[in-house]
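Throughout, protein chains are lettered first and strands after them, A, B, ... in sequence-line order, and every chain is numbered starting at 1. What you see is a predicted model, and the numbers here were worked out from it, not measured in a lab.
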2 protein chains.
Amino acid sequence: MTELEKGPTGRRRGRGARERILGAAQELFREQGINRTGMDQLCAAAEVSKRTAYQHFAGKDELVAEYLRRFDPSVLSGVFDRTDLTPRERLLAAFDVPPTTPLCPYIATAVELHDPQHPASQYARDYKQAVAARLADAAREAGAADPEQLGEQLALLIDGAAARTRVLNADAFPTAAAIAAVLIDNAIPATAGDDRRREEVSS
Amino acid sequence: MTELEKGPTGRRRGRGARERILGAAQELFREQGINRTGMDQLCAAAEVSKRTAYQHFAGKDELVAEYLRRFDPSVLSGVFDRTDLTPRERLLAAFDVPPTTPLCPYIATAVELHDPQHPASQYARDYKQAVAARLADAAREAGAADPEQLGEQLALLIDGAAARTRVLNADAFPTAAAIAAVLIDNAIPATAGDDRRREEVSS
DNA sequence: CGGTAAGCACACAGGGCGGTGTACTTAAGT
DNA sequence: ACTTAAGTACACCGCCCTGTGTGCTTACCG
């Protein structure tokens, strides 16, 4: 519905079917969830015939898996490549999500599918572990005493904020960011302080 | 399947239909999720005729709402009433969940239903806020500087652990408990230390 | 004992879903 | 121009799901 750039011909949109399908999936799965989005509706939104959809994807399951795989982790990749930030700032930047973010689709998919064996569930697992690993890398760069632990902790905070935001319908990322700041300051030895305030920890 | 105490008559189980239905819902919704559990299957598991089920509940939605409402928050209520623990220990005890806990059903329900207006979603919201409030109470009792903030933070940790446990298929509560310990020690002024170690904060 | 509320068995309606079959049309490459 | 890959239109199948209609049986309680 947003900007599906309809082809110039008006009908018979041409060769971009697969991309249009994945684009529509992105939108509809986010807005309605996977289970509540039928293939008919999805194909209509993608302006693609159902037949074409099933020539690109063996079934809905495969489409769901590909949808997750193609999901643009804009928050993540955008954050870790920013060299203008100190490592500590980079760790904290992971919590600056635009308020228009509905919910981490990886969690939503894993819960909705309810099957750990599903390819999409496996990919969600891989992705979450990758995020923790990248956070651990940044933590190591920032001089954390136990980077793996800090990475795992920050990843848990992100997931907690995402879940809580969904259930309460209220942005929980600021709370998570506050916790993250405490953890980071506690984990990084005072010597490595790049931009830490002088005052020691909290009280 | 666990201990549905089947009636002595063998068939025609008698008047306990409503309880049996809710018991079966508890089990099946947890194990399979709500959307993947049909009313037929549920009635079979409850040893109740479908007709009876629909005389007790106007529809599946109402059953789901009642299921959440009747959910025994064994972890929660069991923890806050323990007077043998110091307030700090009580806060930490909320993270000692038995490893057989699949996932906080409130999060799962909110994600599965995908409709914030659904009665069950509203109840999930209420419940999550109640948990945060009780945690804040305990935090106040423990002498935290900002009990509301600490309560909200601990609640976020619990939700994060629950979500992450589900997605990764690995217990994330120890990590959350470790974070909680840091937060609690940072939030409670040193004077009120009931059982804190002497060494200052982490490093 | 008799009445009434609770429960049962079972078929069936109505709809949505995932997925397919068939015959047709268009665009692109050489 | 001809071929071929991509897409289309649309009817259709079988399945499962929520929810009902109907007539019957049992347990409790005064």
Q | Any B:H56 side-chain nitrogen or oxygen under 4.0 Å from OP1 or OP2 of C:dA6 | A | no
Q) Within the structure, does a side-chain N or O atom of A:T52 lie under 4.0 Å from either OP1 or OP2 of D:dT8? A) yes
Grab the [atom1]-[atom2] distance between [X] and [N] for me, whole Å please.
X: A:L42; N: C:dG16; atom1: CG; atom2: C1'; answer: 15 Å
X: A:E47; N: D:dT8; atom1: CD; atom2: C1'; answer: 13 Å
X: B:I21; N: D:dG19; atom1: CD1; atom2: P; answer: 13 Å
X: A:E62; N: C:dG18; atom1: CD; atom2: P; answer: 15 Å

(Q) Which nucleotide wins on minimum distance to the side chain of B:Q55, given the candidates D:dG21, C:dG7, D:dG7? (A) C:dG7
Q. CD/A:Q41 to CD/A:Q32 distance, rounded to the nearest 0.5 angstrom?
A. 4.0 Å
Q: Calculate, to the nearest 0.5 Å, the distance between atoms CG and OG1 belonging to A:L91 and A:T86 respectively.
A: 8.5 Å
Q | A:R51 (side chain) and D:dG7 (base): donor-acceptor pair under 3.5 Å | A | no
Q: Might you work through the side chain to side chain contact (heavy atoms under 4.5 Å, CB included) test for B:L63 and B:L22, ending with a clear yes or no?
A: CA-CA 8 Å; B:L63 171 59; B:L22 287 168; 3.8 Å; yes
Q.
If you compare all heavy atoms of B:N35 against all heavy atoms of B:E112, which two are closest, and at what distance to 0.1 Å?
A. N-OE2, 3.1 Å
Q: For the pair A:Y127 and A:Y123, name the ring-plane relationship: parallel under 30°, tilted 30 to 60°, perpendicular over 60°.
A: tilted
If you look only at distance, which donor and acceptor atoms sit under 3.5 Å apart when one is on a side chain in residues 157-164 of chain B and the other is two or more places apart or in another chain?
| residue | atom | partner | partner atom | Å |
| --- | --- | --- | --- | --- |
| B:D159 | OD1 | B:K128 | NZ | 2.7 |
| B:D159 | OD2 | A:R164 | NH1 | 2.6 |
| B:R164 | NE | A:E152 | OE2 | 3.0 |
| B:R164 | NH1 | A:D159 | OD2 | 2.6 |

Please write out the pairs of protein N or O atoms and N or O atoms of nucleotides 15-18 of chain D separated by less than 3.5 Å, giving the distance to one decimal.
| residue | atom | partner | partner atom | Å |
| --- | --- | --- | --- | --- |
| D:dT18 | OP1 | B:K60 | NZ | 2.7 |
| D:dT18 | OP2 | B:M39 | N | 2.6 |

